[in-house]
**Student:** 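Please read through the structure below; I'll follow up with questions.
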Amino acid sequence: MERIDLLITGIGRLVTPPGNATRCGREMKEIREITDAAVAIRNGRITLVGPEQEVRDFLAGVEIAETIDVCGRMVTPGLVDPHTHLVHGGTREHELALKRSGVPYLDILAQGGGILSTVKSTRAASEQELYNKARRSLNEMLMNGVTTVEAKSGYGLTLEDELKQLRVAKCLNETHPLDIVSTFMGAHAVPPEYKGREDDFVDHIVHEMLPKVAEEVLAEFCDVFCEHGVFSIEQSRRILLEGKRNGLIPKIHADEIEPLGGAELASEVGAISAEHLLAATDEGLAALSKHGVVPVLLPGTSFNLGLSKHARARDMIDKYELPVALSTDYNPGSCPTESIQLVMMLASLNLKMTPEEILTACTINAANALGRGEHIGSIEVGKRADLTIFDAPNLAYLPYHFGINHTFGVIKNGNVIVWNRTIVTTEAGKEEAV
Ligand code: NIG
Ligand code: FE
């Protein structure tokens with residue numbers, strides 16, 4: 001070994017799921033743990049990980065450019081947030097009273113509010129305004145310990161405004177230390193100008209939007225809000241299959257409010273993930289399991305919508321042996337929070353997931369929901385050096401001591417980005433970590 005760029009010592013407890021593949025069912029509890037550990041990094045990648053003494057012995061005589069001591073703290077893989085609506089204009093606190101008075105989410109949308117209110121603000125916003133707002137959210141996520149985030153379009157709903165959102169996401173990926181993975185979600189709602197002509201809007205997505213998004217290489221995934229009163233199973237199937245023909249991997253907002261068969265559709269079209277799933281049937285869950293679809297659960301959303309119903313995480317894990325992932329669903333309506341740590345707490349409280357399962361769901365399973373299990377989501381030699389340092393003695397402490405941010409530091413691509421709870425560089429620093 002010629003040289004080490006960064007050696008991290010004093011890791012009281014290093015916890016990570018093993019390997020690159022999704023961890024299904026009871027595998028989700030199996031966490032690799034090393035006490036008094038060290039990690040060595042070169043060219044943005046992990047080159048050694050193990051008990052500190054062994055790592056030091058191995059590196060005897062090797063030049064080490066920088067050593068940092070994390071003084072007994074806990075280190076996990078950088079967290080991955082695989083479902084957000086990051087780029088959008090405006091906020092929706094004006095709907096809070098309506099929501100609290102019991103008006104259902106889909107009724108607010110049907111009255112032209114909800115998603116459509118954010119569509120108005122997003123259309124009115126310049127790229128620079130969208131960039132500035134999303135960048136602030138990215139910094140919040142980073143401070144929470146997140147190192148990779150997915151970002152969906154879907155608040156433009158015209159060709160130009162969808163492209164605008166996706167271009168902002170691309171620019172953020174190039175200029176912010178966090179990695180941003182883009183999803184085209186032109187089928188997020190039917191815009192007012194297509195009211196009563198829903199199939200014409202689907203035609204517009206298929207003929208105008210999808211080819212342009214693909215041509216400009218602005219997204220990796222295609223998502224649809226498949227729900228009663230939004231996009232039907234047939235419309236969703238058409239969009240996802242056309243997306244696939246254009247090289248975009250399907251994802252789907254499925255069975256969130258009604259059991260429409262979105263989970264079955266996800267399996268049929270070969271989706272990489274299916275999200276929400278509160279109302280998914282047993283047949284739907286069995287289909288996900290058979291076709292290796294990652295269920296992405298969003299307990300912040302059910303919490304914020306005041307629902308008493310929750311996704312059936314225990315059945316998904318224990319009965320269907322699924323690789324559950326967790327995400328914030330950060331958006332201005334159903335879940336206005338960037339806090340993945342709040343989601344971890346809610347996964348414990350309402351989904352009855354264990355701390356080990358929660359870590360797996362926020363790391364390797366989330367990475368696989370984005371097709372990136374080979375590169376991120378676990379602490380393995382050869383993988384990208386994305387690490388989160390927590391001011392916490394063990395995993396259970398994270399959902400236990402709730403409502404505060406436990407992140408002390410974040411290493412992204414081998415660079416120290418957050419230290420002592422402060423962002424220390426806003427440089428993207430991605431050159432070496434392709
Ligand atoms: O995942 N369900 C649809 N889309 C988002 C909400 C978007 C919004 O309310 O602005 C979700 O919850
Ligand atoms: Fe969503």
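Note that ligands are numbered from 1 as they come in the structure, with each ligand's atoms numbered from 1 the same way. Scope of the values below: all heavy atoms of this structure, side chains included, with no hydrogens, waters or symmetry mates. Predicted model only: the values in this text are computed from it and were never measured. In this chain, numbering begins with 1 at the start of the sequence shown.
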**Student:** Under 4.0 Å, heavy-atom basis, I'd like to know which part of H88 is in contact with ligand 1: side chain, backbone, both or neither.
**Tutor:** neither
**Student:** Which ligand 1 atoms does I115 reach within 4.0 Å, using its non-hydrogen atoms?
**Tutor:** 7 (C), 8 (C), 9 (O), 10 (O)
**Student:** Please say whether T301 places an N or O atom under 3.5 Å from an N or O atom belonging to ligand 1.
**Tutor:** no
**Student:** For the Fe ion (ligand 2), find the closest N/O/S atom belonging to D329 and write down its atom name.
**Tutor:** OD1
**Student:** Does a side chain donor of either K133 or H88 reach within less than 3.5 Å of an acceptor in the other side chain?
**Tutor:** yes
**Student:** Do D391 and R421 come close enough that some side-chain heavy atom pair is under 4.5 Å?
**Tutor:** yes
**Student:** Is H83 touching ligand 1 with its side chain, its backbone, both, or neither, if touching means heavy atoms under 4.0 Å apart?
**Tutor:** side chain
**Student:** Quick one: nearest non-hydrogen protein atom to atom 12 (O) of ligand 1, plus distance?
**Tutor:** S334 OG, 2.6 Å
**Student:** Would you say H276 reaches the Fe ion (ligand 2) with an N/O/S atom under 2.8 Å?
**Tutor:** no
**Student:** Quick one, L387 and T147 - any side-chain contact, counting heavy atoms below 4.5 Å?
**Tutor:** no
**Student:** Does E275 have a non-hydrogen atom less than 4.0 Å from ligand 1?
**Tutor:** no
**Student:** If only side-chain N and O atoms count, and only distance matters, is there a donor-acceptor pair under 3.5 Å linking H83 with H253?
**Tutor:** yes
**Student:** State, yes or no, whether a side-chain contact exists between R23 and P18 at a heavy-atom distance under 4.5 Å.
**Tutor:** yes
**Student:** List the closest protein heavy-atom neighbour of atom 9 (O) of ligand 1: residue, atom name, distance to the nearest 0.1 Å.
**Tutor:** Y105 OH, 2.5 Å
**Student:** Can you tell me how far the CG atom of L163 sits from the CD atom of E215, to the nearest 0.5 Å?
**Tutor:** 9.5 Å
**Student:** Under 4.0 Å from any heavy atom of N331, which atoms of ligand 1 are there?
**Tutor:** 5 (C), 6 (C), 7 (C), 8 (C), 9 (O), 10 (O), 11 (C), 12 (O)
**Student:** What residue and heavy atom of the protein are closest to atom 11 (C) of ligand 1, and at what distance?
**Tutor:** D329 OD2, 3.1 Å
**Student:** Give a yes-or-no answer on whether the side chains of K383 and S378 include a donor-acceptor pair shorter than 3.5 Å.
**Tutor:** yes
**Student:** Any idea which atoms of ligand 1 are less than 4.0 Å away from a heavy-atom of E256?
**Tutor:** 2 (N)
**Student:** Any side-chain donor paired with an acceptor under 3.5 Å for E150 and S182?
**Tutor:** no
**Student:** Can a side-chain donor-acceptor contact be found between T301 and D329 if the only test is distance below 3.5 angstrom?
**Tutor:** yes
**Student:** With a cut-off of 4.0 Å, which atoms of ligand 1 are near a heavy atom of R92?
**Tutor:** 8 (C), 9 (O), 10 (O)
**Student:** Using the side chain to side chain contact (heavy atoms under 4.5 Å, CB included) criterion, which residues pair with P259? Sequence neighbours excluded.
**Tutor:** A279, T281
**Student:** Among all protein heavy atoms in this structure, tell me which lies nearest to atom 4 (N) of ligand 1, with the distance rounded to 0.1 Å.
**Tutor:** H188 NE2, 2.8 Å
**Student:** Can you tell me the angle formed at the Fe ion (ligand 2) by NE2 of H83 and NE2 of H253, to 10°?
**Tutor:** 90°
**Student:** Show the atoms of ligand 1 that are less than 4.0 angstrom away from any heavy atom in Y155.
**Tutor:** 7 (C), 8 (C), 10 (O)
